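Just below is one structure, and these are the notes that go with it.
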There are 2 protein chains.
Amino acid sequence: MSSRGKVITLQEVAVRAGVSRMTVSKVLRGAGNISAETRQRVKQAADELGYLPNNLAGSLSSRKSRMVAVIIPSISDIVFSEVLSGINATLRPEGFQTFIGESLFDPQTETELIRAMLSFRPAGLLLNGGMARSADAEKLLTRRNCPAIQLWDCDGGALDFSAGPSHEEAGRLVANHFLERGLRRIAYVGAELHKDLCARRRYLSLKSALAAAGIDLLSMICEVRPRQAVTGRFLTEQLVLAHPEIEAIHFLNDAMALGGLSYLHQAGISVPDQISVIGFNGTSLANAVRTRLTTIDMARTEIGQKAAQALLQIIAAEPMPGVWRAALEVVQGNTTVPI
Amino acid sequence: MSSRGKVITLQEVAVRAGVSRMTVSKVLRGAGNISAETRQRVKQAADELGYLPNNLAGSLSSRKSRMVAVIIPSISDIVFSEVLSGINATLRPEGFQTFIGESLFDPQTETELIRAMLSFRPAGLLLNGGMARSADAEKLLTRRNCPAIQLWDCDGGALDFSAGPSHEEAGRLVANHFLERGLRRIAYVGAELHKDLCARRRYLSLKSALAAAGIDLLSMICEVRPRQAVTGRFLTEQLVLAHPEIEAIHFLNDAMALGGLSYLHQAGISVPDQISVIGFNGTSLANAVRTRLTTIDMARTEIGQKAAQALLQIIAAEPMPGVWRAALEVVQGNTTVPI
DNA sequence: TGCCGCTTTGTTATCGATAACATCAACTAA
DNA sequence: TTAGTTGATGTTATCGATAACAAAGCGGCA
């Protein structure tokens, strides 16, 4: 906070409008009964002085806030931008502002973010599920002073509500998709599963669904490279060289799948004739490039909406613990054969 | 802010540790001279009670804050995630937390975000350049109570510092790249230029550079569709059908370029033999799919770093208006012929 | 012995708003 | 006329921290 010019407070506005601080406060919040004439005078004074309310003082005093804290693992993940749209579309009309923090899947960073955001006494906290959470973070959440909601995972944990897909279901859908097409030599390509626990659950679910059908899933997982296209490409190369017999690959997400496809094409491996491919999270990109990737899609915007609606309800009334489960849909592209 | 349990304040910690509020405050901030023994006792008390500082009160009283507000147009734009990494990498070690707001290129939303963030009296404000800014927003920025820095555009406006590429230069680079290869029937494909003023400047710069060479740029611009792959695909189709003579296309960004390439491939148009293509913003994706897109790259992380460093300096000392200009580099892919 | 200065801790006055209640005028109803 | 309402505005006491200064304890040194 640098010292540029004098800070305008309610007091200055009050003096200029010839009323008390309290009256100015009421006018600007639209509270209480104030005559039209006074209201007009106050507004004009505030405008002329360029008054900017100090939320620190306001929220401290009223113990209320219109700020909603959202903490997501990665802002570059296309996934979250759609969830966020849903959140904003629901909260902004109600006068709430969302402030976003990015944890980069790092528990330490997430903990500090939770602490920083809670210390501003927000109206609500929206957190991403499927992250390894530190003990400190858990403790902070226990002592939180606002409702907290889990996003991106319908398995709610200890929070007040959760909205997202079932990652177990996603794994099973992939298994079925491959099995229905008679594919049996199946591989999984992923990265950073120790960070992205949702992806990990999909992986484990796929693995056990296949195991139930007597199939052993081959895994190509790298914990140190990012969950991105380049990594998908690299791991696919490793996979194909080591296991040329593979018939199908499921990738952690669409970005990695696109990377993998780029290698398969270059290596002259035909998709889906020789190898079938499924990604996760239908993104606009996945359907606009040459290959239309078979993927699993869901209503991401709606996840955000449901989460925000739940938050509003919890703020208004009291309880409403619960879950909203996002429907998953396999989008048939041309990287697996249609049935 | 819901009423779950009693809120723990400095007072409760002080009582439990058998000291005054002030002592607790000093211990937890690491300020003043406090004996090791007292420090230990206070820390333990705070920990046992699960004390969470109230930043509203703290910042109000000290008129200092460790929060930095960042407002970006779109979190899904891969571009900003890298800039943000640079910002966080620089600010977090100094104990600052960044809170992000998303404006979606909407001036009204941006204005409300600026207002909301400034009303929390942040230590600094990082804004994206190249947005149409409302009069209210300008007024807020004039009366701001913290340093403000412009990102993503080295043309700083009225702010304290700016870090980013020169979009004029980018347009010229594209023009030269095409001209050097003897291409003369050139088109531009973009969207939402009334919102993304940086893109608009690149476009205008390209257009005038070509005009200087006696070439009339053909424009395919849609103001209502999003700046994404699907739009790139759609507009490219329109373009090619209406103007089959086109030899080169520059796209607003890599995502749109990938969409366009997908159409060109499907239509059996060979790249770069029949049509050369250049995108903007080398993204990891652009280099991992089948086609290696020729694009313009820059050190995005460094933009964030420079902006954050400038902020720290301005916070510490007083002045330091200035500019940091990000170097641009044409990355040769296989969508234009090498020279 | 008494004054000085250092370390450690406490006191008091804010920061800039809002909640809750008080006040006062005008007006209504009995 | 007089009490009772209602509407419009002001007063006082917080909210939970920190700044700035005051005070107490202690040893050193002339």
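Heavy atoms only: backbone and side chains are in, while hydrogens, waters and symmetry mates are out. Labels below follow one simple rule: chain letters A, B, ... track the order of the sequence lines, proteins then strands, and each chain is numbered from 1. Treat the numbers as computed from the prediction; the structure is a model and nothing was measured.
In this structure, CG of B:L56 is placed 10 Å from P of D:dA17, rounded to the nearest angstrom. When the P atom of D:dA23 is taken as reference, atom CE of B:M22 falls 17 Å away, rounded to whole Å. The distance between atom NZ of B:K64 and atom P of D:dA17, rounded to the nearest whole Å, is 18 Å. Rounded to whole Å, atom C1' of D:dA19 lies 13 Å from atom CG of B:L60. The distance between atom CG of A:L28 and atom C1' of C:dA17, rounded to the nearest whole Å, is 11 Å. Separating the CZ atom of B:R39 from the P atom of C:dT9 is a distance of 9 Å, rounded to the nearest angstrom. The interatomic distance linking B:I8 (CD1) with D:dA17 (C1') rounds to 15 Å, in whole Å. Rounded to whole Å, atom P of C:dG16 lies 20 Å from atom CZ of A:R121.
Between A:Y51 and C:dG16, a side-chain N or O to OP1/OP2 separation shorter than 4.0 Å is absent. Put simply, B:T23 has a side-chain N or O that comes within less than 4.0 Å of OP1 or OP2 on C:dG10. For D:dA17, the OP1/OP2 oxygens have no side-chain nitrogen or oxygen of B:R63 closer than 4.0 Å. At D:dG10, one or more side-chain N or O atoms of A:S20 fall inside 4.0 Å of OP1 or OP2 (strictly under the cut-off).
For B:T9, counting side-chain heavy atoms from C-beta on, the closest listed nucleotide (C:dT11, C:dG16, D:dA17) is D:dA17. Here D:dT9 is the nucleotide among C:dT9, D:dT9, D:dA19 with the atom lying nearest to any side-chain atom of A:S35. With C:dA20, D:dG16, C:dA17 as the choices, the nucleotide that has an atom nearest any side-chain atom of A:A57 turns out to be C:dA17. Looking at the side chain of B:N33, the nearest of the listed nucleotides D:dG16, C:dT7, C:dA19 is C:dT7. Closest to the side chain of A:V19, from the set D:dG10, D:dA19, C:dC15, is D:dG10. Here C:dG10 is the nucleotide among C:dG10, C:dA19, D:dT9 with the atom lying nearest to any side-chain atom of B:K26.
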Between B:L10 and B:L28, is the side-chain contact (heavy atoms from CB on, under 4.5 Å) condition met? List the steps. CA-CA 10 Å; B:L10 271 191; B:L28 298 181; 4.3 Å; yes
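Where B:L10 and A:R41 each meet DNA chain D at their nearest nucleotide, the meeting point lying more 5' is that of A:R41. Comparing B:I34 and A:Q11 by the nucleotide of DNA chain C whose heavy atom lies nearest to each, the residue mapping closer to the 5' end is B:I34. DNA chain D is contacted by both A:T38 and A:R21; A:T38 maps to the nucleotide lying nearer its 5′ end (nearest heavy atom per residue).
A salt bridge does not link A:D47 with A:R16: every distance from a Lys NZ or Arg NE/NH1/NH2 to an Asp or Glu carboxylate oxygen is 4.0 Å or more.
With respect to B:L125, the side-chain contact (heavy atoms from CB on, under 4.5 Å) criterion is satisfied by exactly one of B:L140, B:L141, B:I149: B:L141.
In the model, B:Q309 has no side-chain atom that pairs as donor or acceptor with a side-chain atom of B:Q313 under 3.5 Å.
For B:F105 against B:K195, the heavy-atom pair with the smallest separation is CD2-O, 3.5 Å.
If you check every strand for non-hydrogen atoms under 4.0 Å, B:N54 touches sugar and phosphate atoms only.
Annotation: the span from B:L91 atom CG to B:Q305 atom CD amounts to 10.5 Å, rounded to 0.5 Å.
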